[in-house]
Amino acid sequence: MKGLIRFDEVNVQLKQLFDKASALAGYSFAELAAEQGMVVPKDLRRNKGWVGQLLESALGASAGSQALQDFPELGVELKTIPLDANGKPLETTFVCTTPLINVHELTWESSNVRNKLQCVLWIPIDGRREVPLAERTIGTAFLWQPSAAQEAQLKADWQEHMDKIALGEVESITAHQGEVLQLRPKAANSRVLTDAIGANGEAIQTLPRGFYLKTQFTGQIIRDTFNLN
DNA sequence: AGCTGATCATGT
DNA sequence: ACATGATCAGCT
């Protein structure tokens with residue numbers, strides 16, 4: 001009984017979140033920022049995460065720097081995705097940082113990538129740089145869970161990357177690898193170092209990496225959702 | 001340093 | 001034109 005009641009409550013909360021996100025469609029960044037008491041920066045050059053933070057604020061996501069979902073009680077991750085005039089993603093999507101040590105015990109099933117992508121509340125946003133930031137608008141939010149085929153692709157890429165990391169080959173991995181999930185630097189700058197495994201199993205220092213969804217993958221999600229093509 | 005939120009800017 | 005490697009801000 002208790003479980004059933006909780007289940008219902010979670011569904012109600014999820015619906016409320018989705019309704020709230022849906023209601024944001026059409027608003028300009030200026031309008032939403034005013035509502036949230038935020039100031040629209042001139043551009044995103046020194047405020048790259050600003051749009052994401054604007055939506056987090058509007059939807060009441062638990063802020064912070066923890067490696068958790070945005071709505072842990074709902075198991076939902078919030079992601080903004082900048083689109084061009086044709087509805088194509090302009091950027092890859094950061095998923096989470098990549099573990100580079102103690103990786104032997106890790107499995108896809110328990111991975112942070114799988115956890116984060118289990119249920120995503122995507123919010124398409126106008127990413128056109130030629131449009132002043134204040135005038136850009138919010139698109140139609142949608143909930144997504146990876147299909148079996150999509151999860152299989154993600155798992156295969158994740159496993160390939162993690163195998164290389166475990167073998168001490170992290171520095172040979174480029175963003176070209178992975179069908180849908182790539183590994184790229186994720187740091188304040190290229191001089192930042194973190195612990196990793198070297199080619200002979202020894203400890204080395206390397207640039208921190210993150211997992212990113214390639215634009216072809218997110219582009220297909222967008223097309224599937226909005227019946228484009 | 002290492003997470004979160006990401007986009008920038010350059011090379012191809 | 002586009003993706004890769006680099007970078008920016010805030011908080012812990």
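Sequence lines set the chain letters: A, B, ... in the order given, protein chains first and strands last, and positions in each chain run from 1.
Note on A:Arg114 versus A:Glu151: salt bridge recorded, some NZ/NE/NH1/NH2 to OD/OE distance being below 4.0 Å.
Checked by distance alone, A:Tyr212 brings no side-chain donor or acceptor within 3.5 Å of a matching partner on the base of C:dA3. One donor-acceptor pair, N or O on each side, does fall under 3.5 Å between the base of B:dG5 and the side chain of A:Lys186.
Heavy atoms of A:Gly52 sit under 4.0 angstrom from primed sugar atoms or phosphate atoms, though from no base atom. Using a 4.0 Å heavy-atom cutoff across all strands shown, A:Pro82 reaches sugar-phosphate atoms only and no base atom. Across all strands shown, A:Ala175 has heavy atoms under 4.0 Å from sugar-phosphate atoms exclusively, and none from any base. Contacts of A:Glu77 with the nucleic acid, taken as non-hydrogen atoms under 4.0 Å apart, involve only primed sugar atoms and P, OP1 or OP2. Nucleic acid contact for A:Leu193: sugar-phosphate only, since backbone atoms but no base atoms lie under 4.0 Å from a heavy atom of the residue.
A perpendicular orientation is assigned to the rings of A:Phe217 and A:Trp144, their planes being inclined by more than 60° (bins at 30° and 60°).
Checking C:dA6, B:dA1, B:dA9 against every side-chain atom of A:Pro185, the shortest atom distance belongs to C:dA6. Side-chain proximity of A:Thr174 to the nucleotides B:dG5, B:dC8, C:dG5 is greatest for C:dG5. Side chain of A:Phe94, nearest nucleotide from B:dT4, B:dT7, B:dC8: B:dT4.
Rounded to an integer number of Å, the gap from CZ of A:Arg209 to P of C:dT4 is 14 Å. Residue A:Leu183 contributes atom CG, which lies 12 Å from atom C1' of C:dG5 at whole-angstrom precision. Between A:Leu133 atom CG and C:dC8 atom P there is a gap of 18 Å when expressed in whole angstrom units. One interatomic measurement links the two molecules: CZ of A:Arg129 to P of B:dA9, which rounds to 7 Å at whole-angstrom precision.
Here A:Arg46 reaches the OP1 or OP2 of C:dA9: one of its side-chain N or O atoms lies under 4.0 Å away. For the pair A:Ser190 and C:dT7, the criterion of a side-chain N or O lying under 4.0 Å from OP1 or OP2 is met. Contact annotation: A:Thr194 reaches the phosphate of B:dG2 (side-chain N/O to OP1 or OP2, under 4.0 Å). The side chain of A:Thr80 contributes no N or O atom lying less than 4.0 Å from OP1 or OP2 of B:dG5.
Residue A:Gln36 places its CD atom among more than 12 non-hydrogen atoms of other residues, nucleotides or ligands, all under 6.0 Å distant.
Judged by distance alone, the side chains of A:Arg209 and A:Thr194 never bring a donor and an acceptor atom under 3.5 Å apart.
Within the cation-pi definition used here (under 6.0 Å to the ring centroid, within 45° of the axis), A:Arg136 does not qualify as a partner of A:Phe29.
Nearest-nucleotide assignment on DNA chain C puts the 5′-proximal partner with A:Lys88, out of A:Arg184 and A:Lys88.
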